[in-house]
Structure formats: C-alpha cells, structure tokens
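All values derive from a computational prediction rather than experimental measurement. So that the names make sense, note that chain A is the first sequence line, chain B the second, and so on, each numbered from 1.
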Amino acid sequence: MDVDKQVAIFMQGAEYGDDALKAAMAKDLRERLIEAEKEGRPLRIYCGYDPTKADLHLGHTVTMRKLRQFQDFGHEVTFLIGNFTSLVGDPTDKDKLRPILTAEQIAENGRTYAEQAFRVLDREKTKVRYNADWLSKLTFEDLIHLSSNFTLQQFISRDNFRKRWDNNDPVYLHETFYAIMQGYDAYHMRADVQVGGTDQLFNIVTAARKLMTSKGVKPNVGITMGILPGTDGEIRMSKTLGNHIPINSGAKDMFGKVMSIPDKAMPVYAKLCTRWTPQDVEEFEKAVLGGTIHPRDAKMKLAFEITNAFYTDEEAENAKKAFVTQFQKGAVPDDIPEYKLKTGETFIDVMKNSGLVASGGEARRLVKQNAVKLGDELISDPNQEFPKAGILKVGKRRYLKVK
RNA sequence: GGACAGGUACCCAAGUGGCCAAAGGGGUCUGACUGUAAAUCAGAUGGUAUACACCUUCGGGGGUUCAAAUCCCUCCCUGUCCA
C-alpha cells in the first residue's frame, strides 16, 4: 500500500497549531508505517474515550472516523474506555469537577458508548479495552517515578491551567495525573499512533511521548483532530451548549440539523465528519468558496453524506426527501402527531392539550405572530372554537393532525 | 478555624426599599426576506386570563415595612486567600 497516500489520508483534518509540529508528526508517521511494514505488522492505533456520558454526538465521532480510516488500511485499532481516567476528569474539558460515577454506571456507559461507536467503527476489527485494567494496578511508587518526568512548570504553562491560574480559579493537583495516566496508557499498549482532539495535544504529544521515551519504547505519533463546531458554527459541539447533533436520534433529525449549520461551517464538517478523501474534501471546499456550487446544494450533499455515514442508504435517502418536502416545498411531512378533537375545545385548548405548546400564553403569542394555520387558513382569534378536523400548523416545523 | 467575594429567570449578568415579572447579552421561538432550519432585519420570550386583574418567581426559613430581589436575623451552598 502506498505509504504517502496513507499519510495524506491519516493527516487529513489533523491540527497542531504549529506547522513544524505537523510536519514532524507526518514524517514520524511515515517512518513508522515503513518500519511496521518491514516488520510485517499493522500499526497499533488507539483513542481514549471518557465514559462519564453516554450520548454521543457528531463531535465525538471525529476521532472515530479517523480510527476507521486506519482500520480500512488494515491497522489495529483499540477503542479505549477511560474508566480509570474518568476518576479525574479531563481538566481540559471543564472547570467543574466531574461527578464521580459508580463502577456499574461507568461500565454501562462504556458499553453503550462502544455500541454507538460501531456506527463508525468496524465491530469485527475493533478491540475494546478498559484502562483501569492496568492503571488500577500501579503503586504509589510507580506514580512517583512516572511523574518525575514532568515539571510543574510544564503543566502551568498549559493554556487551560494557565487561564485558571490567572483567574484565581482552582487548579487541583490530581488533574495533573490525567496527562500521566494517558501517557501510561499509550506506553502500556505500545501504541504507534494516538488519536485525540487538539485539546489533547499536550497529553498526547508531550506527556505520552515523553513518558514512553523514558520507559524505553518508541514514542507514539500524535494525531490531534480539529474541533468540530456545533450547529451555531462557532463554539465546539457540546450537549451542554445545546448545539450538538446526536448520532442516535434518527436520520431525519441528523439531516435537518446538518442543514441548519451556517454556510461557513461547511468546510470543517466536510473535513471532519465525512468519508470523503482529501481530494474530495478539497474539491468540495473549492466549489463552495468559489461559488461554483449553490450553497444549498452543497449543504444538501454534505448533509446526505454525513447522514449516510451513520444510517443506511434508504434511511438517508428518506431523510433527504422529507427535508425537501417539508422545507423546500413547504409541504406537510408524513409522520406528524395526531390529536383527537373534543367538542367545545378552542385553538388554545387544542395546542395546549396536545403538547404542541407549553402554555396558553405561548399559544396566544404564536397566534398573534401569525404563526398558526389550519390548513391554509391563518388563525387570528385563539379563543375561537376549533372548527373542524384538519392539519394544524404552528410555525414552520410544528404540525398536528387534528381529527 | 479565620478573612473576603458570591448565590437573580433556560444560561451569563444588571438591579441595593415603591416606576420590578425584574435592564442588557446569549439562547430559543415567530415573522419578513431567501438559497435551507444559512445570513440579514424586525418582534416575542413566567403562569392564569377576552380584558381589568390576579398568582408564582431573585439560595431556604423567619422578621421589619402600607410596600422587599433590595433592610434585619438565621440557616444552607459555592469560590478565592490565609492557617
């Protein structure tokens, strides 16, 4: 297999914030590929996942997509569940300490996590491992040796510690163990390549490489993936921020949510979430920026590819069709909730009782805003008795079949 | 244990006796426009109510007052610093 082609594919979407580092990593990767081929073995790749939450969204799948690419070239992929590291929580992630989960919760989350991940990864070719299997066996003495590879300055100069330090926000001692544990994982598994987000740059490149070197093994190559922005197109995708695209909520939802990203976010999504080759992505980006493809059509193409990467051809096709019918043609979608009209109910009653709106006030407001239609007829008096069965439309997206 | 700073609506944040259902921003929703749920512009955004109005809400509880997010007491919680 052509080594340079592999390098191009594997480095696609990787970001280091530093061109020299990127070039160095690409070079390392190339050498490692050649070396492994000589030894007649596949590369060992892994990425660690935090099992404290169980709902995956597109952002989590960026690294999985990367792992999948390695799999497709016959390399050995380990899906590592960080059931031990989750005791600490990644300091990169949040300023709050994580709630400590029970072993059972973590095991359960780990399972559902892996299950969702197999929408991207090849189940047959994926090893699932838990880092508590080795980390929990380390002694205090081991920890002293491991941590003697690092200085406090190295940690404090990290951006996320630095900021908190400057703000007088707490920086806990045990947070520094995170990087050490992650480095030990890489050492224990003798990883050739470790994949992660750019927020993992320090953990992967500095900590893991240094620790592995000190242990006398070849340091892993780090592939740190760019961060996927959420549906707002600006801030990293996260469930807490509500800008996420869950992978388990159905093809239609996924298609629609991708369609709602701002135009300018299309290239990033193409780079991080599709199965396209580097050339495909480049062409797509050029076409979008150059205006040779209509932005709407470009986004449709993108939405279809992303949906199709998680769902079957048929499901993706249906999602696309449903989107076109509902939004482009403004037609009524085929699967809408139904409501049985009771005698004497007003528009407010129907909207409220069917759960279409949360309160009477909201119903009144929507009517006032010309958002409520029965069939083609605009409703102006919310207290009017509901006249007849039909399709009630509220705004662009809410429908109710009243019988 | 001590000192200090805080706890306000979905989130951030202003407000230090009445004009406060509570500024501003974000988010969300709606409308116009369009190329889509993009961008832009406009409006809405506690509940009940046709309306007058009423009810609930500024960490919990108690009090002062005609009137409290605002003053007093007490409790709980969060953070920083010192020990």
Base-pairing string, 5' to 3', of RNA chain B - Watson-Crick or wobble, under 3.5 Å, | interstrand: ((((((((.[[[..)..(.....]]]((((((.......))))))(((....)))...[[[[[..)....]]]]]))))))).

Each nucleotide N or O in nucleotides 32-41 of chain B that has a protein N or O under 3.5 Å away: list the pair and distance.
unit_1, atom_1, unit_2, atom_2, d
B/G35, O4', A/H294, NE2, 3.1
B/G35, N1, A/D263, OD2, 2.8
B/G35, N2, A/D263, OD1, 2.8
B/G35, N2, A/D263, OD2, 2.5
B/U36, OP1, A/R296, NH1, 3.0
B/U36, O2, A/M259, O, 2.7
B/U36, N3, A/K299, NZ, 2.9
B/U36, O4, A/D263, OD1, 2.4
B/U36, O4, A/D263, OD2, 3.4
B/U36, O4, A/K299, NZ, 3.2
B/A37, N1, A/R397, NH1, 3.1
B/A37, N3, A/R397, NH1, 3.1
B/A38, O2', A/D263, N, 3.3

I'd like the P distance from B/C73 over to B/U78, given in whole Å. 23 Å

Does a donor on one side chain sit under 3.5 Å from an acceptor on the other, for A/E115 and A/T112? no

Think A/K22 forms a cation-pi with A/Y16, using NZ or CZ under 6.0 Å from the six-ring centre and within 45 degrees of its axis? no

Using a 3.5 Å distance criterion without hydrogens, assess whether the side chain of A/H244 forms a donor-acceptor pair with backbone atoms of A/P246. no

Does one side chain, of A/N308 or A/D313, offer a donor that lies under 3.5 Å from an acceptor on the other? yes

Partner of A/Q194 under side-chain contact (heavy atoms from CB on, under 4.5 Å), picked from A/Q200, A/Q182, A/R44, is A/Q182

Find out whether the Lys NZ or Arg CZ of A/R119 is both under 6.0 angstrom from the six-membered ring centre of A/Y311 and within 45° of the ring's axis. yes

Criterion side chain to side chain donor-acceptor pair (under 3.5 Å) on A/T126 and A/Q71, from CA distance to verdict: CA-CA 8 Å; A/T126 307; A/Q71 264 178 345; 2.6 Å; yes

Can you give one letter per nucleotide of nucleotides 45-50 of chain B, 5' to 3': B if a protein heavy atom sits under 4.0 Å from the base, S if only from the sugar-phosphate, - if neither? S-SSBS

Quote, to the nearest angstrom, the C1' distance that separates B/A21 from B/C76. 27 Å

Any donor-acceptor pair under 3.5 Å linking the side-chain atoms of A/S214 with those of A/Y187? no

Side-chain H-bond candidate by donor/acceptor type, A/T85 with A/D50, under 3.5 Å: no

When rounded to the nearest Å, what value does the distance between P atoms of B/C11 and B/A23 take? 16 Å

If you measure from the P atom in B/A44 to the same atom in B/C77, how many Å do you get, rounded? 42 Å

For the P atoms, the ones on B/C41 and on B/G25, what distance do you get once it is rounded to whole angstrom? 13 Å

Pick the P atom in B/U57 and in B/U8, then give their distance to the nearest Å. 16 Å

Quick one: is the NZ or CZ of A/R111 closer than 6.0 Å to the six-membered ring centre of A/Y113, and within 45° of its axis? no

Kindly say whether, by distance alone, the side chain of A/Q369 makes a donor-acceptor pair under 3.5 Å with the base of B/G31? no

Suppose you measure atom P in B/G61 against the same atom in B/U48; what distance do you get, rounded to whole Å? 24 Å

For nucleotides B/A69 and B/G63, find the distance between their P atoms and express it as a whole number of Å. 16 Å

Do A/H57 and A/Q116 meet the criterion of a side-chain donor-acceptor pair at a distance under 3.5 Å? no

